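Take a look at the structure set out below.
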Amino acid sequence: MGIVRLPDEDAARKLDEIVPVPSPTRTHFANSGTEAVETALKLAMHVTGREKFIAFFNSFHGRTLGSLSLTSSKAAQRRGFKRQALDVVHVPYPNEFRNPFNAADCADGGAGQGALTWIEERLFKTTTPPDEVAGIIVEAIQGEGGYVPAPANFLRGLRRICDEHGILLIVDEVQSGMGRTGKMFACEHYDLEPDIITIAKGIGSGMPIGACVARADLMDWKPGAHASTFGGNPVCIAAALKTIELLEQGLVRNSAEVGAYLKAGLEPLMRKYDCIGDVRGMGLMIGVEFVEDRVTNKPAPQVRDRVEAACFERGLIILGAGTNTIRWSPPLILSKENVDVALEIFDEAVAASSNANC
Ligand SMILES: Cc1ncc(COP(=O)(O)O)c(C=O)c1O
């Protein structure tokens with residue numbers, strides 16, 4: 001009898017090669033993003049023996065009870081589900097366009113420093129002693145929260161804080177991973193090495209698969225500690241392996257090139273329309289934020305909704321993110337010719353949705 005080589009071993013080996021978590025890694029395959037996050041949470045508790053977590057406002061990490069305790073992008077996602085299952089404290093996300101921190105906390109480091117000060121000077125010294133924190137979970141580019149890239153000093157600072165206090169840094173790349181940002185993972189734009197990374201969505205090209213990849217020395221729990229009946233099933237694993245191959249053969253590069261082309265096409269629209277307050281993002285993960293005008297930058301959710309509908313009527317499907325942002329998150333096979341058509345429709349839709357404030 002020969003040795004049977006399981007396809008999920010191949011996929012785990014491939015992930016070990018491509019994830020920004022320091023090798024060697026171990027992977028647990030699940031069926032969705034939320035399950036990948038649950039794995040990360042359980043692992044962090046198991047390894048550290050601690051049970052508190054730090055997450056960020058406007059984040060989305062899933063809808064099962066553990067990940068829902070982290071999710072904080074809309075009250076509707078929480079309403080009716082009583083108290084959160086896990087001990088999670090939320091910190092404002094360092095949105096540079098809408099810096100939520102006061103100038104003293106930011107010092108010269110902008111919103112990124114403001115968030116670090118909040119954690120170290122406020123949380124750690126009041127409600128959340130660092131030696132009780134199992135993990136900090138963060139999106140390098142906030143997805144559902146409005147396509148908001150993290151400032152580099154913030155992610156560097158989180159890494160330092162985690163190292164200083166034995167806290168695990170969990171980066172959720174369910175939305176930003178698998179080539180979406182023009183690199184395989186958004187973390188790579190920041191040279192950030194998480195302890196644990198969560199992946200889903202794009203890895204299976206539509207097949208239900210999620211993965212939690214962790215440093216091997218962390219994921220050494222014993223058989224029975226964690227499992228999933230359908231996790232790592234051969235059909236989804238085959239889809240993941242093929243997807244990674246296609247990404248490596250050109251789709252990541254395409255995301256970077258066509259994404260830059262799209263962003264360069266959106267930026268002039270910001271100058272043309274006073275209701276576009278910000279164009280931001282990387283690769284094919286770009287946010288366009290709508291405001292009443294660029295003096296007050298007051299959020300304009302109705303304008304955003306009108307633009308979304310006007311695009312739909314003209315044959316372009318785009319989706320909101322956050323309260324007043326449109327997310328551009330097209331398939332990674334997008335061509336520059338597609339972008340030209342999309343930009344023409346978008347321009348027309350913004351013009352048609354304009355009001356006195358726009
Ligand atoms: C960053 C992030 N994490 C986790 C999830 C949850 O993934 P799923 O819907 O596959 O459970 C999502 C879904 O939108 C997400 O964007």
Side-chain angles (χ1 to χ4, degrees), residues 19-20 28-44 53-74 76-78 81 84-86 88 90 93 95 135-150 155 158 169-181 184-187 189-190 192 194 196-214 228 230-233 236 239-240 243 281-287 318-323 325-332:
V19 292
H28 178 264
F29 288 109
N31 310 282
S32 63
T34 198
E35 284 174 85
V37 172
E38 293 292 338
T39 306
L41 295 171
K42 283 180 71 179
L43 183 63
F53 289 92
I54 295 175
F56 296 88
F57 283 118
N58 303 323
S59 62
F60 187 92
H61 296 289
R63 295 173 186 273
T64 49
L65 284 175
S67 63
L68 186 64
S69 306
L70 308 164
T71 289
S72 62
S73 64
K74 288 194 190 88
Q77 292 150 356
R78 293 274 200 138
F81 300 114
Q84 57 189 32
L86 294 182
V88 179
H90 291 88
Y93 192 81
N95 180 338
I136 298 180
I137 178 155
V138 67
E139 295 166 89
I141 301 182
Q142 225 175 30
E144 300 299 306
Y147 274 37
V148 185
L155 294 177
L158 287 187
L169 182 59
I170 304 165
V171 178
D172 183 345
E173 293 248 19
V174 165
Q175 187 148 172
S176 58
M178 308 315 295
R180 169 64 44 205
T181 65
M184 191 64 90
F185 294 98
C187 278
H189 292 280
Y190 299 93
L192 177 68
I196 303 174
I197 196 168
T198 53
I199 305 166
K201 291 196 194 292
I203 189 175
S205 296
M207 298 299 286
I209 174 169
C212 173
V213 188
S228 162
F230 294 120
N233 77 78
C236 294
T243 301
M282 301 166 189
L284 286 170
M285 185 166 188
I286 300 175
I318 46 175
L319 186 65
T323 53
T325 296
I326 275 175
R327 75 180 88 185
W328 288 81
S329 184
L332 304 191

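Both counts, for ligands and for their atoms, begin at 1 and track the order of listing. As the structure is a computational prediction, the values presented were derived from the model and not from experiment. Numbering starts at 1 and runs along the sequence shown.
- Between the Arg78 side chain and the Thr71 main chain, a donor and an acceptor come within less than 3.5 Å of each other.
- For ligand 1, the atoms sitting less than 4.0 Å from at least one non-hydrogen atom of Ser32 are 10 (O), 11 (O), numbered in the order shown with element in parentheses.
- Thr34 contributes a side-chain N or O that, together with a main-chain N or O of Arg63, makes up a donor-acceptor pair within less than 3.5 Å.
- The closest protein non-hydrogen atom to atom 2 (C) of ligand 1 is Phe60 O, 3.2 Å.
- Short contacts between ligand 1 and Asp172, defined as distances under 4.0 Å to a heavy atom of the residue, involve ligand atoms 1 (C), 2 (C), 3 (N), 4 (C).
- Close approach of ligand 1 to Thr34 is summarised as follows: ligand atoms under 4.0 Å from at least one heavy atom of the residue are 6 (C), 7 (O), 8 (P), 11 (O).
- Counting heavy atoms under 4.0 Å from ligand 1, residue Lys201 touches it through the side chain alone.
- For the residue pair Thr64/Glu38, the side-chain donor-acceptor check at 3.5 Å is satisfied.
- Taking the ring pair (Phe, Tyr, Trp, His ring centres under 6.0 Å) definition, one finds that Phe57 meets it with His90, sequence neighbours left out.
- Protein heavy atom in closest approach to atom 10 (O) of ligand 1: Gly33 N, 2.8 Å.
- Residue-ligand proximity: Arg63 is placed with every non-hydrogen atom at 4.0 Å or more from ligand 1.
- Of the charged side-chain nitrogens involved, at least one lies within less than 4.0 Å of a carboxylate oxygen, so that Glu144 and Arg327 count as a salt-bridged pair.
- The closest protein non-hydrogen atom to atom 16 (O) of ligand 1 is Gln175 NE2, 2.8 Å.
- Not a single donor-acceptor pair under 3.5 Å links the side chain of Glu35 to the backbone N or O of Thr39.
- Residues passing the side-chain contact (heavy atoms from CB on, under 4.5 Å) test with Phe81, sequence neighbours excluded: Leu68.
- In summary, the atoms of ligand 1 found under 4.0 Å from a heavy atom of Glu139, numbered by their order in the structure, are 1 (C).
- Taking a cut-off of under 4.0 Å to the non-hydrogen atoms of Val174, the atoms of ligand 1 that pass are 2 (C), 3 (N), 4 (C), 5 (C), 7 (O), 12 (C), 15 (C).
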